[in-house]
2 protein chains.
Amino acid sequence: MTSEHSARPTISDVAAEAGVGRSTAARTLGGYGYASEEVRERVLAAAERIGYRANALARSVSTGVSHTLGLIVADLANPFFGGVARGISDASRERGFDTLVLSTHEDLAEEVAATNVLIDKRVDGIIVASAALEAGAAGHIEQARSSGIPVVLVDRAVPGLDIDAVVIDNRAAARDAVAHLVAAGHRRIGFVWGPPLAERPRRRRDLVGVGTGNQWTDGERLQGYLDALDDEGLAFDVELVMVGAKTEENAQAEVARMLELPEPPTALFCTENDAMTGSLRALRNAGSRVGETMSLIGFDDSSWAAVMEPPLSMIEQPTLALGAKAAEVLFATIDAGSRGGAPELHTLETRFIARASVAPPNVN
Amino acid sequence: MTSEHSARPTISDVAAEAGVGRSTAARTLGGYGYASEEVRERVLAAAERIGYRANALARSVSTGVSHTLGLIVADLANPFFGGVARGISDASRERGFDTLVLSTHEDLAEEVAATNVLIDKRVDGIIVASAALEAGAAGHIEQARSSGIPVVLVDRAVPGLDIDAVVIDNRAAARDAVAHLVAAGHRRIGFVWGPPLAERPRRRRDLVGVGTGNQWTDGERLQGYLDALDDEGLAFDVELVMVGAKTEENAQAEVARMLELPEPPTALFCTENDAMTGSLRALRNAGSRVGETMSLIGFDDSSWAAVMEPPLSMIEQPTLALGAKAAEVLFATIDAGSRGGAPELHTLETRFIARASVAPPNVN
DNA sequence: CTGTTAGCGCATTCAA
DNA sequence: TTGAATGCGCTAACAG
């Protein structure tokens, strides 16, 4: 463990090179404490000369601050999380913070492990889109906080967990979207994708609680769908709700099934992009024409949605803004010294983008 | 700076709690050196009891290993980089490494800053999709290496820089795609998007060198386009190459322009998704029908491309694999002790997905 | 097997 | 203003 030839120069090296004491060098290099102008210049020159770069790790051990944030999401390859990550990254970089990003593949055990990694690496704050459905499953989050690490939830608030969260109102967004369909004259509206239902519910009552009481985005969107039916006095039909695996294939299969119903839906509300593409495949196979025999609304606008024929009506989520806001809230907590009043739920606005995929039901 | 009440327990605390010396506790907790079974259990129990978690930062200062990788990309919100990041993240997590991700917005100055941050935080390796066009502009990368940090390039190899790189063969992929169009009978093929050309080239010679000698993806794709024309003995027409800003709007404008030509293109090769959506907008406005009056091939397959009407032929990039491979190469270098033979260029396969957007030119 | 003693690189107090 | 001395939490030779 002797210093190797390619060893990076330390403060001691700079001090020697400049002919001053370690602490003096440390002070000017660290930007704290006093130092005469002359000495300062000498030290800076020496540092430059030997290519000195402060060891941020050693500094962190000493100060207790790492200038690093932790981000835990299900999947970085998902454009939604990519946007959130970018928003966080941009906002934190302005404050000289960097971000350690961990993917959990929607697995709670991996999320717990990720949290421990971040605690071990002494990040100054954590932003997490948790897979925990209830406070009881969020012990790792409580643990991080009790370790003194501020935490902010993003995208998904965990019910019962008193922590700041930055989300969108999935329920309201879904309700509005479905209301749009109803306003266009639709009475039978299919719900594609949603909280994983192992088997087909027998009646509406079976759905109560699925999305209630938690902010799990799927559940919220289902509740919004139900809200809209209630608002408009429409009957709920279990046959119009997708069940089973959340895959594009199953979405396609479920929509195909709905199209075979005695009274098929005249419109579909898709809660994710894969639900939308699966639906489109089923519609194409069945010869159903979007915007004519079938109206469509999807979630998460994409540049592709606008160039579809016809263009698809979509709900746009402010991904960058979600990340930026989460970072802002986190920094506020950090600045406040690990405590800043009662936890708040910050709700960002979604935007409904009306395009030609919604039309009056085709009665032929 | 006295230890606060919520101070996290250290090895000393565990040692005290277990009634053993610090080093003994350290050895069992750190998983190195000897310790009797009895003592080991006592220490582990004590650690568990007081909620001890090792300070990874302190450990890193001591060992010189941070178990952290650095990733530098232009934009995490770009699904391509999101996929690469996910691939790296998954591969490195298996080895107990985490990833610090920095976005540079395609700005070289930001990239230099990002590199310095990673050097300062003592990452064990860096993977970068550099914005540097030549070795001369990659001093920061050389600096990282001379600091003893292994570096692997991903997506873009920097010409003249002797460093391992993991890329796809953009030139060959583009050539193949254009060859497909030629095989279908097309003679006038538009090139949408590409290396930023300030003004319209007057003749083909003006394009020589634009993509040659560097692996800048745009340039490579343009060269592949030219290769295909040569292979097939087709004439090059400057009017069929897009110029100006790389935005969806400009792509739309440029395609609109091409459609007004005396001899408009019968097919378009789009090098990015925004180029494709811009093209589609222009085609729709002009009443041109994809797969009939206009054939199309794009880059970066998406689930959307398959559900377009007609489905679009696309070149698929193995984003996850690019990341995984880059991590693999990086770890090999790390394991080899910062040196492992001559730098290699690892080229991953792209896949051409033939769909209905390519058809024989419509002669009407 | 165990504890003592040094470091790692930087921050910070305090006397000079 | 400066430098010596100590500490942060951990690793790691080294004796016992």
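Values reported hereafter were calculated over all heavy atoms of this structure, with side chains retained and with hydrogens, waters and symmetry mates removed. Reminder, nothing fancy here: chain letters follow the sequence lines and each chain counts from 1.
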The residue, B:S36 or B:V61, whose nearest nucleotide of DNA chain C is more 5′ is B:S36
Sorted by position of nearest nucleotide on DNA chain C, 5' first, the leading residue of B:A58 and B:A35 is B:A35
Closest to side chain of [X], choosing from [options]:
X: B:Y34; options: C:dC10, D:dT2, C:dT2; answer: C:dT2
X: B:V39; options: D:dG3, D:dT2, C:dT2; answer: C:dT2
X: A:R59; options: D:dA13, D:dT2, C:dA11; answer: C:dA11
X: A:A26; options: D:dG7, D:dC10, C:dT12; answer: C:dT12

Is there a side-chain polar atom (N or O) of [X] under 4.0 Å from OP1 or OP2 of [N]?
X: A:Y32; N: C:dA11; answer: yes
X: A:R22; N: D:dG3; answer: no
X: A:T24; N: D:dG3; answer: yes

Pairs under 3.5 angstrom only: tabulate donor-acceptor contacts from the side chains of residues 41-49 of chain A to other protein residues two or more places apart or in another chain.
from: A:R42; atom 1: NH1; to: A:A18; atom 2: O; distance (Å): 2.8
from: A:R49; atom 1: NH1; to: A:E17; atom 2: OE2; distance (Å): 2.3

Between CD1 of A:I11 and C1' of C:dA11 the distance, given in whole Å, is 8 Å
Practice prompt. Apply side-chain hydrogen bond (donor to acceptor under 3.5 Å, both in side chains) to B:K121 and B:S66, showing your working.
Written response: CA-CA 8 Å; B:K121 294 204 171 173; B:S66 62; over 6 Å; no
CD1 of B:I50 to CZ of B:R8, rounded to nearest 0.5 Å, is 14.0 Å
